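What follows is a set of notes on a single structure, which appears directly below.
Predicted, not measured: the structure shown is a model, and the values here were computed from it.
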Amino acid sequence: MRVLVTGGAGFIGSRIVEQLALRNHTPVVLDALLPAAHRSPPPRPAGVEWIHGDVRDPELVRQALRGVDAVCHQAAMVGLGKDFADAPAYVGCNDLGTAVLLAAMADVRVERLVLAGSMVVYGEGRYDCTVHGTVRPGPRRAGDLEAGRFEPLCPRCGVELAPGLVAEEAPADPRNVYATTKLAQEHLAAAWARTTGGRAVSLRYHNVYGPGMPRDTPYAGVASLFRSALARGEAPRVFEDGGQRRDFVHVRDVAAANVVALEALGDREAGELTAYNVGSGDPHTVGEMASALAAAHSGKSPVVTGEFRLGDVRHVTADSSRLRAELGWRPATGFTEGMAEFAVSELRGV
């Protein structure tokens with residue numbers, strides 16, 4: 001297949017490009033090289049067509065789509081950002097960019113799409129109450145967080161809840177601007193599929209990490225922030241009490257999931273979007289991740305600060321069994337091995 005990879009110069013996109021080439025597909029990179037993700041030019045793989053441009057440019061996108069069999073849409077502004085002033089930039093990059101891309105795909109009749117989704121669409125993850133079963137706690141209150149009360153409580157009886165794995169059928173409940181834009185991307189892709197008879201998959205990534213993450217940027221993931229601190233000789237600063245549970249999945253495994261999904265698009269039902277969680281299946285706390293990185297880096301031990309960010313969630317971890325059962329994907333890099341590699345790898349100098 002000839003596959004257009006938007007954001008193909010980025011952390012995840014560049015790994016997808018590598019794996020597509022290894023599997024004898026022809027990747028085409030479209031990337032705007034925005035300063036938030038690239039403060040220095042990234043390396044360009046030999047033999048790969050490279051288009052420097054913005055996915056929000058309709059004519060450029062239509063030209064990039066000529067002769068393409070499928071699109072792997074990775075271009076996005078990620079992370080919680082700095083404050084709500086970032087909202088127009090998130091909506092412009094993520095939602096307007098996706099709408100322009102999908103309109104161009106409809107125009108030139110490219111009918112296969114894999115979208116970089118995110119677990120953030122769930123908001124808080126799955127919780128079970130010993131009395132009321134599975135419940136959905138509301139957003140955490142600033143007063144509770146300031147007092148160090150980080151765990152969500154049952155909205156019906158107020159007891160502490162047990163976190164569990166989130167399946168794709170869980171209702172969406174985005175808690176911040178980024179999460180809202182990622183859910184809107186899925187709705188746009190679903191509308192495109194229904195209207196055009198296209199085939200679409202959204203891969204809801206959990207916490208992706210690995211070599212080549214961007215460093216020293218407020219839009220990076222928590223693993224990159226910790227790794228950047230260690231590179232500066234500083235201790236990683238862990239928010240809340242470090243007990244937040246996440247599913248850390250290696251970038252090579254995420255790239256492999258994209259290639260598997262692209263290759264299976266021809267077998268999907270036309271006119272529909274299917275969502276898949278992409279996680280390791282081995283949840284860990286943020287504190288455990290910081291400690292593993294610090295130990296493997298021989299750096300300073302993490303400092304638990306008690307700080308918090310409104311809009312962040314306490315626990316969200318994936319049930320990725322659907323992706324394993326339907327597409328045969330399996331993560332190949334475990335937590336200990338992956339963190340040890342990441343601790344001594346190069347970060348992307350942005």
Side-chain angles (χ1 to χ4, degrees), residues 11 36 77-87 90 118-120 122-125 127 137-153 160-163 174-179 206-210 213-249 280 282-317 335-336 338-340 342-345 347-348 350:
F11 168 50
M77 191 172 174
V78 302
L80 283 181
K82 292 177 284 189
D83 52 41
F84 199 82
D86 284 328
Y90 274 101
S118 176
M119 54 82 182
V120 294
Y122 299 119
E124 290 286 352
Y127 290 90
R140 297 183 296 171
R141 296 178 298 182
D144 288 334
L145 298 172
E146 289 167 354
R149 295 188 294 268
F150 302 120
E151 293 290 342
L153 302 178
E160 190 167 318
L161 300 170
R175 299 288 175 92
N176 55 60
V177 171
Y178 171 59
H206 280 247
N207 288 68
V208 187
Y209 74 97
M213 289 192 83
R215 63 179 294 172
D216 298 327
T217 165
Y219 304 99
V222 65
S224 176
L225 297 177
F226 291 166
R227 178 66 180 80
S228 295
L230 290 165
R232 296 191 301 267
E234 301 171 3
R237 294 176 61 82
V238 180
F239 279 17
E240 301 187 16
D241 61 359
Q244 311 94 299
R245 286 168 57 85
R246 298 289 189 269
D247 187 319
F248 299 99
V249 58
S280 70
D282 182 25
H284 289 269
T285 68
V286 171
E288 288 170 343
M289 186 267 288
S291 295
L293 276 180
H297 193 270
S298 299
K300 293 183 178 179
S301 296
V303 175
V304 177
T305 69
E307 297 171 88
F308 62 88
R309 298 185 299 182
L310 282 177
D312 208 351
V313 298
R314 180 62 175 176
H315 305 297
V316 56
T317 54
F335 177 81
T336 301
M339 289 297 167
F342 181 45
V344 298
S345 66
L347 296 177
R348 182 168 297 195
V350 301

Taking side chain as C-beta onward, heavy atoms only, is [X] less than 4.5 Å from [Y]?
| X | Y | result |
| --- | --- | --- |
| H315 | L161 | no |
| L230 | L293 | yes |
| S280 | F248 | no |
| F150 | Q244 | no |
| S118 | Y178 | yes |
| F226 | V286 | yes |
| D144 | F308 | no |

For [X] and [Y], which heavy atoms make the closest approach, and how far apart are they?
| X | Y | value |
| --- | --- | --- |
| Y209 | G338 | OH-CA, 3.2 Å |
| H297 | A343 | CD2-O, 2.8 Å |
| F84 | V177 | CE1-CG2, 3.2 Å |
| G123 | R175 | CA-CG, 3.7 Å |
| A290 | V238 | CB-CG2, 3.7 Å |
| A294 | P302 | CB-CD, 4.0 Å |

What residues form a side-chain hydrogen bond (donor to acceptor under 3.5 Å, both in side chains) with [X], not counting sequence neighbours?
| X | result |
| --- | --- |
| E146 | none |
| T317 | none |
| R140 | E240 |
| E124 | Y127 |

Item to check | T305: partners by side chain to side chain contact (heavy atoms under 4.5 Å, CB included), with sequence neighbours left out | outcome: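 Here the qualifying residues are R237, F239, V303, E307.
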Could you state the interatomic distance from [atom1] ([X]) to [atom2] ([Y]), rounded to the nearest 0.5 Å?
| X | Y | atom1 | atom2 | answer |
| --- | --- | --- | --- | --- |
| D282 | T336 | CG | OG1 | 8.0 Å |
| N207 | M289 | CG | CE | 7.5 Å |
| R314 | L145 | CZ | CG | 9.5 Å |

Next on the checklist: Can you list everything that forms a salt bridge (charged side-chain N to carboxylate O under 4.0 Å, His left out) with R227? Sequence neighbours excluded, please.
Outcome noted: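 Testing R227 for salt bridge (charged side-chain N to carboxylate O under 4.0 Å, His left out), a comparison that skips the adjacent residues, returns none.
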